[in-house]
Chemist: 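Handing you a structure now.
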Amino acid sequence: MAYRRTRLLAAAAMSAVVLASTACSGGAADDTNIALRMTVWTTDKNQLALFDSIAAEYRKAHPEVASVKFDVVPGDTSAYSAALTTQMSGGNPPDLAWILERDAPDFVQSGALTNLKATLDAAPGYNAGELVPSATKLWTKDDGLYAYPFSTSPFGMFYNKNLLTQAGVTETPDQLVASGRWTWDAARQIATQVAAKDTGKAGLVIREFEYKQWVLLASVWRGFGADAWGPDGRSCGFTSPEMTSAMTFLHQAIFTDKALPGPGTTADFFAGESGLTIAQISRAGLLKAKPFEWGIVPLPAGPKANAQVIGQAGIGVPVKGKHAKAAADFLAFFTNPANSAKLGQYFPPARDSLLNAATLAKANPLFSQEQLQNVVVNGIKTGAVLPSHTGSARIASLVQSALDPMWKPDANVPAALAGVCQAIDPALGQ
């Protein structure tokens, strides 16, 4: 209930943002003794330290900026989105905001964000022309760019080499990739074997899914040729034959094969509690202490596609912020080529010059160049961003509720999926 309540609050807050942004645009004039505040969805001390160091460097050349505060908003993605939209609609907008991909259509289409194009084009040495079009697409409206996609992070399949060996797995995901046999069926077989052996560990975990964050299942759907809705955003995709096939596959993997932990059961791959996990590559920092031998490969191929999926976050400047001009200038510095390279150790960049394995390896020593090429570079260039839609908070809540009947051993999968379309069709504009 708490999760649904958070989603509904986020939907209401976003509606207020849309109304407020159409009534007022443009922040207060910039002056001296400027205090900038940027909301961020991270509690990682190393990432925050990097942010602080970039801000300190900026302030040396900009004495009018007295401080740059990175305002940590804890919680899952739903809680973060709800907190951000509440700030935006409640008269306390941040000067800069970390925005999740699922909320991008609402923020971009509502007019809540400043058009950054002129600022970035004019910034010395910024070279905005090298931004990869597929990375900026979600944040673009007409000819304007309304947020910078500072993190374009593909999902990959991490695996615990030690645990797979313990379970008697004879071919690793890397070996299956090399032989062209890395498929969802192969991944399910490995996960089932790990869970069935006397290891006390789980097979495959879709990190942060927990039977709530259903959008993360796109990492599986897309290989089956399915998606939540059609390209126009108006047609529900949950009753398509491809989605039915994908969700039937997942249901059997969970309740028949026990390849994935069932509802109410958690396992953390990075603590050594599962053999495989689907997660964004930025999570590799959790393995710095080398708790076990591990590898990472692209998402498996499905029966319809070898589909890669990207999670994305942008940084935008709310039009109602107190210092919109100074905030946009700081954003240009924060995301210039040099700082994008620094941020690249956690947040894969959208710059073409940085999207090569040799360059990324300098900032990502945990990965081999082959891993960076196969998972990151190829993933960004060929993958598609997680599903997003206007009214995302409301739609997410509706899908979450409608999918609940599916997470039972005796579920009627087609009936549950039909219930999803029935629930969201009005929100999709049908």
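The model shown is predicted, which means the values in this text are computed figures rather than measured ones.
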Chemist: Under the side chain to side chain contact (heavy atoms under 4.5 Å, CB included) test against Tyr80, which residue among Asp103, Ile99, Val72, Leu100 passes?
Modeler: Leu100
Chemist: Looking at Val68, Asn92, Leu96, which one forms a side chain to side chain contact (heavy atoms under 4.5 Å, CB included) with Arg37?
Modeler: Asn92
Chemist: Drop me the distance from Phe107's CZ to Ser392's OG, to the nearest 0.5 angstrom.
Modeler: 8.5 Å
Chemist: So, do Val205 and Pro261 sit near enough that their side-chain heavy atoms are less than 4.5 Å apart?
Modeler: yes
Chemist: Does the side chain of Gln345 reach to within under 4.5 Å of the side chain of Pro365, using non-hydrogen atoms?
Modeler: no
Chemist: Looking only at atom types and distance, does a side-chain atom of Asn378 sit under 3.5 Å from a main-chain N or O of Gln373, one as donor and one as acceptor?
Modeler: yes
Chemist: Taking the six-membered ring of Phe333 as reference, does the NZ or CZ atom of Arg59 fall below 6.0 Å from its centre and within a 45° cone about the axis?
Modeler: no
Chemist: Let me see the working for Thr165 and Glu293 under side chain to side chain contact (heavy atoms under 4.5 Å, CB included), right down to the final yes or no.
Modeler: CA-CA 11 Å; Thr165 298; Glu293 293 296 318; over 6 Å; no
Chemist: Looking only at non-hydrogen atoms, find the nearest pair between Val375 and Pro298 and report the distance.
Modeler: CG2-N, 3.8 Å
Chemist: Is there a donor-acceptor contact under 3.5 Å linking the side chains of Ser353 and Glu130?
Modeler: yes
Chemist: Would you indicate whether Asp232, at its atom CG, is surrounded by more than 12 heavy atoms from other residues, nucleotides or ligands within a distance under 6.0 Å?
Modeler: yes
Chemist: Minimum heavy-atom separation for Gly429 to Arg234, with atom names?
Modeler: O-NH2, 2.8 Å
Chemist: Are the side chain of Ser274 and the backbone N or O of Leu276 linked by a donor-acceptor pair below 3.5 Å?
Modeler: yes
Chemist: Evaluate side-chain hydrogen bond (donor to acceptor under 3.5 Å, both in side chains) for Gln109 paired with Thr390, printing each intermediate quantity in order.
Modeler: CA-CA 8 Å; Gln109 299 301 323; Thr390 53; over 6 Å; no
Chemist: Nearest 0.5 Å, please: how far is CG in Asn339 from CD in Glu57?
Modeler: 6.0 Å
Chemist: Would you mind reporting whether Met247 and Leu217 have side-chain heavy atoms less than 4.5 Å apart?
Modeler: yes
Chemist: Between Met157, Gln371, Gln175, which is the residue that forms a side chain to side chain contact (heavy atoms under 4.5 Å, CB included) with Val297?
Modeler: Met157
Chemist: Would you please classify the geometry between the Phe269 ring and the Phe292 ring as parallel, tilted or perpendicular, with 30° and 60° separating the classes?
Modeler: perpendicular
Chemist: If I compare all heavy atoms of Ala284 with all of Trp294, which pair ends up nearest, and what's the gap?
Modeler: CB-CH2, 4.4 Å
Chemist: May I ask you to decide if Leu299's main-chain N or O and Gln308's side chain share a donor-acceptor pair within less than 3.5 Å?
Modeler: yes
Chemist: Give the intermediate values and the outcome of side chain to side chain contact (heavy atoms under 4.5 Å, CB included) for residues Leu386 and Leu216.
Modeler: CA-CA 7 Å; Leu386 286 168; Leu216 297 175; 4.2 Å; yes
Chemist: For Gly233, is there any backbone N or O sitting under 3.5 Å from a side-chain donor or acceptor partner on His389?
Modeler: yes
Chemist: Considering non-hydrogen atoms only, spot the tightest contact between Ala326 and Leu36 and give its length.
Modeler: O-CD1, 4.2 Å
Chemist: Which heavy atom in Val317 sits nearest to a heavy atom in Ala324, and how many Å separate them?
Modeler: CG1-O, 3.7 Å
Chemist: Above 12 or not: heavy atoms from other molecules or residues under 6.0 Å from NZ of Lys342?
Modeler: yes
Chemist: Please check: side-chain N/O of Arg188 versus main-chain N/O of Leu204, any donor-acceptor pairing under 3.5 Å?
Modeler: no
Chemist: Is the shortest side-chain heavy-atom distance between Lys320 and Met88 below 4.5 Å?
Modeler: no
Chemist: Check for a donor-acceptor pair, side chain of Trp214 on one end and backbone N or O of Ala396 on the other, with a separation under 3.5 Å.
Modeler: yes
Chemist: In Å and rounded to the nearest 0.5 Å, what is the CD1 to OG distance from Ile206 to Ser219?
Modeler: 5.0 Å
Chemist: For a quick check under 3.5 Å, do Ser151 and Tyr346 share a side-chain donor-acceptor pair by atom type?
Modeler: no
Chemist: Using only heavy-atom distances, determine whether the side chains of Gln312 and Thr152 contain a donor-acceptor pair under 3.5 Å.
Modeler: yes
Chemist: Would you say the ring centers of Tyr159 and Trp182 fall short of 6.0 Å from each other?
Modeler: no
Chemist: How long is the span from the CG atom in Leu360 to the CD1 atom in Ile281, to the nearest 0.5 Å?
Modeler: 8.0 Å
Chemist: Indicate yes or no: at least one non-hydrogen side-chain atom of Leu138 is less than 4.5 angstrom from one of Ser388.
Modeler: yes
Chemist: Any luck finding a side-chain donor-acceptor pair between Thr199 and Gln166 under 3.5 Å?
Modeler: no
Chemist: Considering all heavy atoms of both residues, which atom of Gly314 and which atom of Phe150 are nearest to each other, and what is their separation?
Modeler: C-CD2, 4.0 Å
Chemist: Could you check whether any side-chain heavy atom of Leu428 comes within less than 4.5 Å of a side-chain heavy atom of Ser235, counting everything from C-beta outward?
Modeler: no
Chemist: Taking the side chain as every heavy atom from C-beta outward, state whether Pro173 and Leu164 have any pair of such atoms under 4.5 Å apart.
Modeler: yes
Chemist: Looking at Lys141, I want to see if its NZ is surrounded by more than 12 non-hydrogen atoms of other residues, nucleotides or ligands under 6.0 Å.
Modeler: yes
Chemist: Please check: side-chain N/O of Glu273 versus main-chain N/O of Asp268, any donor-acceptor pairing under 3.5 Å?
Modeler: yes
Chemist: Is the backbone of Phe347 close enough, under 3.5 Å, to the side chain of Ser153 for a donor and an acceptor to pair up by distance?
Modeler: no
Chemist: Going from CZ on Arg351 to CG on Leu131, what distance comes out if it is rounded to the nearest 0.5 angstrom?
Modeler: 5.5 Å
Chemist: Might you work through the side chain to side chain contact (heavy atoms under 4.5 Å, CB included) test for Leu84 and Trp98, ending with a clear yes or no?
Modeler: CA-CA 9 Å; Leu84 175 58; Trp98 176 325; over 6 Å; no
Chemist: Any sub-3.5 Å donor-acceptor pair from Ser53's side-chain atoms to Leu50's backbone N or O?
Modeler: yes
Chemist: Starting at CD1 of Ile395, measure out to CZ of Arg102 and round the result to the nearest 0.5 Å.
Modeler: 13.0 Å
Chemist: Please walk me through it: do Asp95 and Met38 pass side chain to side chain contact (heavy atoms under 4.5 Å, CB included)?
Modeler: CA-CA 6 Å; Asp95 299 292; Met38 174 176 158; over 6 Å; no
Chemist: On the 0 to 90° scale, with breaks at 30° and 60°, tag the Phe209-Tyr211 ring pair as parallel, tilted or perpendicular.
Modeler: tilted
Chemist: Within a strict 4.5 Å, meaning less than it, do heavy atoms of the Met243 and Val420 side chains meet?
Modeler: no
Chemist: Is the side chain of Asn115 donor-acceptor paired with the backbone N or O of Lys117 at a distance under 3.5 Å, no angle test?
Modeler: yes
